[in-house]
There are 2 protein chains.
Amino acid sequence: MATRLSDVAARAGVSVKTVSNVINDYPHITAHTRAKVEAAIAALDYKPNVSARSLRKGRSDFIALAIPEMASPYFAELGAAISRAAKRRGITVLIDQTEGEAAAEKLVLDGMRGQLIDGIIFSPITTAPAKIGTAGTAKPLVLLGERPAGGTFDHVAVDSVQASYDATTHLISIGRRRIAAIGVGGGAGTGAVRRKGYRKALKAAGLPHDPALELAGTGYHRDDGAASMRELLALPGRPDAVFCFNDLLALGALRTLADVGLSVPGDVAVVGFDDIEDGRYHSPSLTTISPDKEWLARNAVDLLLERISGNGEAARRDLTVPYTLEIRETTAG
Amino acid sequence: MATRLSDVAARAGVSVKTVSNVINDYPHITAHTRAKVEAAIAALDYKPNVSARSLRKGRSDFIALAIPEMASPYFAELGAAISRAAKRRGITVLIDQTEGEAAAEKLVLDGMRGQLIDGIIFSPITTAPAKIGTAGTAKPLVLLGERPAGGTFDHVAVDSVQASYDATTHLISIGRRRIAAIGVGGGAGTGAVRRKGYRKALKAAGLPHDPALELAGTGYHRDDGAASMRELLALPGRPDAVFCFNDLLALGALRTLADVGLSVPGDVAVVGFDDIEDGRYHSPSLTTISPDKEWLARNAVDLLLERISGNGEAARRDLTVPYTLEIRETTAG
DNA sequence: CTGAAAGCGCTTACAG
DNA sequence: CTGAAAGCGCTTACAG
């Protein structure tokens with residue numbers, strides 16, 4: 001049997017209420033009493049039972065982070081940042097891999113895991129943003145990623161249209177004219193939103209829009225990027241630049257370019273999105289949109305915790321993550 | 001108020017015991033009763049309260065995975081595999097980032113998180129293997145990584161000596177004679193064990209052992225690999241091959257080689273360890289030791305679950321993860 | 001098979 | 001400030 005609160009109380013010669021007060025940092029405890037209790041806790045190596053506490057309080061100090069896959073570098077880095085941010089606030093993060101399956105995402109939205117978790121940070125991929133707005137979740141939820149139209153949840157994301165506009169404009173500014181886009185068919189609205197910024201930049205520069213240069217692909221991984229790049233190279237008029245909707249696609253595209261012996265950025269310039277570590281170390285290093293992941297993590301956690309601690313009635317909030325365009329070798333020699 | 005077991009019982013017209021029996025798949029329930037209960041559960045959208053259940057049963061079906069950092073690709077891939085393996089067995093994995101801090105690792109060993117988790121899979125980095133053997137952990141623990149001498153815990157790992165021997169022998173077999181090693185000072189015994197296999201291979205081939213070619217470095221990240229490679233290139237006699245003790249080091253070393261314009265494998269051949277996805281897509285693609293991560297995940301989880309379900313008395317087990325040497329472009333043109 | 005009841009270890013009104 | 005007691009929602013002997 002593990003040691004219980006009552007054991008601590010007995011040893012310290014106080015009531016269980018007093019021990020509980022000390023543990024939960026309530027006021028009105030004399031320094032003397034506190035010291036006695038703390039000595040007893042140390043002597044008995046007492047650890048509060050998390051299940052009992054959360055059963056009684058109706059709060060566990062656990063939150064879930066639902067992401068498509070934790071082995072994907074962007075999500076691994078994001079998960080690490082969110083775990084750290086939560087830990088600083090005394091919260092533990094449960095990571096849930098939905099593996100891009102609609103069923104798993106539905107489970108998340110249905111408020112799974114019984115009553116254990118206090119809230120969810122959700123990065124959807126198959127579930128259309130519009131649907132999320134109507135899903136019945138009992139628990140507070142913060143959405144990551146593309147903005148759902150008329151959604152009802154708090155939301156944190158990069159302004160993907162503007163960022164994609166900036167990325168494309170950068171390619172134009174270094175003299176590129178046939179600029180392809182890879183990842184146009186991406187999940188949960190990402191592809192559509194980034195394409196919007198891409199097209200907008202072409203239009204602003206007076207460049208023609210060639211549908212053949214928009215590669216839908218099926219996923220957002222290296223192999224999708226490699227395959228899309230091969231398609232582009234098979235085209236009659238080769239592109240002189242590619243904007244990939246995430247870094248993994250860009251890394252795949254770079255691999256294809258290396259395989260066929262084309263130079264980067266000489267023959268083809270490449271821009272990514274996410275700023276994962278692989279891109280920084282790649283040779284040539286990858287120009288990319290760099291969202292501030294620490295900012296994102298901190299604010300997503302804070303938003304959720306505010307919602308959990310009561311003000312469920314507050315107006316929905318929409319936070320925009322700061323980003324920079326990191327110009328590296330794939331666009332700058 | 002969420003719906004409770006008793007609500008379900010009332011609606012189904014049975015006792016709470018019966019509902020509990022249905023939920024927990026106990027025998028002796030007629031199909032008719034089961035159907036009634038399941039209908040009530042569905043109608044009320046009932047979800048068992050995890051805290052109450054684990055308080056009562058003394059078991060939560062949660063396990064912890066303690067790793068140095070989840071943003072590191074090897075650990076991200078391992079974490080993903082372990083989460084999947086556990087999920088198939090109805091277990092949820094809590095990922096704990098120790099960030100290579102001794103204090104955080106100590107917390108893990110002290111059996112943190114109150115009584116919530118049923119056991120721990122632990123991949124130490126700062127804690128010396130020997131120390132783990134004597135730590136007082138109340139909960140079942142499975143160790144990943146280098147084998148602790150005389151440890152008392154179940155253990156799953158690649159035979160690093162043999163794998164390093166194979167990696168080095170492969171470099172010798174393609175005609176290399178000045179073979180450097182990067183990562184010799186790595187945490188928790190990894191560096192020492194892999195160096196052992198490296199030296200053994202040199203000796204077996206009758207090659208001299210040059211201490212200047214053994215780079216200790218400080219960490220196992222890309223920047224450590226890049227810096228170590230720069231040190232090697234500053235040496236009077238340049239190495240013609242490098243065995244990096246993980247893929248991240250190798251990727252960093254490759255970046256340095258690209259920066260100075262040396263060809264791989266022409267001038268310098270490179271081998272890594274871990275087989276992370278970045279290495280497969282890198283140009284040139286990285287030859288590496290590829291441990292079977294799915295095997296590792298499955299067996300680590302099974303070992304822990306066996307321990308949790310009772311046979312705590314069984315003899316300590318030591319499992320060796322299968323691996324292959326994946327020969328790619330950094331050693332094969 | 002079912003019902004009534006105890007108890008897992010906390011927190012929290014309630015009365016002092 | 002403290003003590004005695006109820007109750008969070010389950011599971012599980014116990015008696016039928």
Side-chain angles (χ1 to χ4, degrees), chain A residues 1-38 40-41 44-62 90 111-118 138-139 309, chain B residues 1-38 40-41 44-62 90 111 113-118 138 309:
Chain A
M1 217 47 5
T3 95
R4 297 178 318 256
L5 199 57
S6 56
D7 300 328
V8 176
R11 182 177 234 269
V14 300
S15 71
V16 292
K17 175 77 167 81
T18 305
V19 178
S20 180
N21 285 345
V22 169
I23 290 172
N24 293 292
D25 260 338
Y26 289 150
H28 309 309
I29 300 188
T30 61
H32 176 68
T33 305
R34 178 180 297 276
K36 260 197 315 191
V37 171
E38 280 168 351
I41 289 174
L44 297 172
D45 192 28
Y46 169 71
K47 311 234 172 29
N49 181 307
V50 177
S51 298
R53 169 180 292 177
S54 81
L55 172 59
R56 183 57 237 245
K57 293 184 72 164
R59 198 178 148 169
S60 64
D61 289 336
F62 277 70
M112 48 151 312
R113 286 201 198 297
Q115 283 79 354
L116 184 76
I117 57 163
D118 298 332
K139 299 184 192 293
S309 332
Chain B
M1 219 40 17
T3 95
R4 295 179 318 259
L5 197 59
S6 55
D7 301 328
V8 175
R11 185 177 232 269
V14 300
S15 72
V16 293
K17 175 77 167 84
T18 304
V19 178
S20 180
N21 284 344
V22 169
I23 290 171
N24 293 291
D25 260 339
Y26 289 149
H28 309 308
I29 301 186
T30 60
H32 176 67
T33 306
R34 177 179 297 276
K36 261 197 315 192
V37 171
E38 279 168 353
I41 288 175
L44 296 173
D45 193 26
Y46 168 71
K47 311 234 172 30
N49 181 307
V50 177
S51 299
R53 170 180 293 178
S54 79
L55 173 59
R56 183 56 236 244
K57 294 185 72 164
R59 197 179 147 167
S60 64
D61 289 337
F62 277 71
R113 286 202 200 298
Q115 283 79 352
L116 184 75
I117 56 162
D118 297 332
S309 332

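Numbers restart at 1 for each chain; the letters A, B, ... are given by sequence-line order, proteins then strands. Just so it is clear, the model here is predicted, and its values are computed rather than measured.
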Undergrad: Can you measure Leu55(A) atom CG to dA6(D) atom P for me and round it to whole angstrom units?
TA: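 So the two atoms are 17 Å apart, to the nearest Å.
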
Undergrad: Are any of the side-chain heavy atoms of Arg4(A) and Val8(A) separated by less than 4.5 Å?
TA: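 With C-beta onward as the side chain, the pair stays apart.
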
Undergrad: Do Val37(A) and Val14(A) come within less than 4.5 Å of each other through their side chains, counting heavy atoms only?
TA: yes

Undergrad: Measure the distance from CZ on Arg4(B) to P on dG7(D) and round it to the nearest whole Å.
TA: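 Whole-Å distance recorded here is 12 Å.
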
Undergrad: Identify, between Val16(A) and Ala31(A), the residue whose nearest nucleotide on DNA chain D lies closer to the 5' end.
TA: Ala31(A)

Undergrad: Once you round it to whole Å, what is the distance between P of dC8(C) and NZ of Lys47(A)?
TA: 20 Å

Undergrad: Do the side chains of Ile41(A) and Ile23(A) get nearer than 4.5 Å, heavy atoms only?
TA: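 Heavy-atom side-chain distance check passes, below 4.5 Å.
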
Undergrad: How long is the line joining CG of Asn21(B) and C1' of dA13(D), in whole Å?
TA: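 Those two atoms, CG and C1', are 13 Å apart.
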
Undergrad: What nucleotide, of dT12(C), dT2(D), dG9(C), holds the atom closest to the side chain of Asn49(A)?
TA: dG9(C)

Undergrad: Quick one: which of dC10(C), dT12(D), dA4(D) gets closest to the side chain of Lys17(B)?
TA: dT12(D)

Undergrad: Do the non-hydrogen side-chain atoms of Leu55(B) and Asn49(A) ever get within less than 4.5 Å of each other?
TA: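 Yes, side chains in contact.
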
Undergrad: Hey, is the side chain of Thr18(A) poking within less than 4.0 Å of OP1 or OP2 on dT2(D), counting only N and O atoms?
TA: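 Checking Thr18(A) against dT2(D): at least one side-chain N or O falls below 4.0 Å of OP1 or OP2.
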
Undergrad: What does the 5'-to-3' dot-bracket notation of DNA chain C look like when only Watson-Crick and G-U wobble pairs under 3.5 Å count, and pairs to other strands show as |?
TA: |||.||||||||.|||

Undergrad: What is the separation between atom CG on Asp61(A) and atom C1' on dC10(C), rounded to the nearest whole Å?
TA: 14 Å

Undergrad: Determine, step by step, whether Val19(A) and Lys17(A) satisfy the side chain to side chain contact (heavy atoms under 4.5 Å, CB included) criterion, reporting the C-alpha distance in whole Å, the side-chain angles of both residues, the deciding distance to 0.1 Å, and the verdict.
TA: CA-CA 5 Å; Val19(A) 178; Lys17(A) 175 77 167 81; over 6 Å; no

Undergrad: Measure from CZ on Arg56(B) to P on dT12(D) and round the result to the nearest Å.
TA: 6 Å

Undergrad: Using heavy atoms to find the nearest nucleotide of DNA chain C for Arg53(A) and Ala52(B) separately, return the residue whose nucleotide is more 5′.
TA: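 The residue whose closest nucleotide sits nearer the 5' end is Ala52(B).
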
Undergrad: Find the distance Arg59(A):CZ to dT12(C):C1' and express it as a whole number of Å.
TA: 17 Å

Undergrad: Provide the distance between the two C1' atoms, one in dT12(D) and one in dG16(D), to the nearest whole Å.
TA: 16 Å

Undergrad: Nearest whole angstrom, please: distance from the P of dC8(C) to the CG of Leu5(B).
TA: 19 Å

Undergrad: Is it the case that Ser60(B) and Ser54(B) place a side-chain donor and acceptor less than 3.5 Å from each other?
TA: no

Undergrad: Would you say dT2(D) has OP1 or OP2 under 4.0 Å from some side-chain N or O of Ser15(A)?
TA: no

Undergrad: Would you call Lys139(A) and Asp118(A) a side-chain contact if the rule is heavy atoms closer than 4.5 Å?
TA: no

Undergrad: So Lys57(A), base contact, sugar-phosphate only, or nothing? Heavy-atom distance under 4.0 Å.
TA: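 The residue Lys57(A) makes sugar-phosphate contact but no base contact.
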
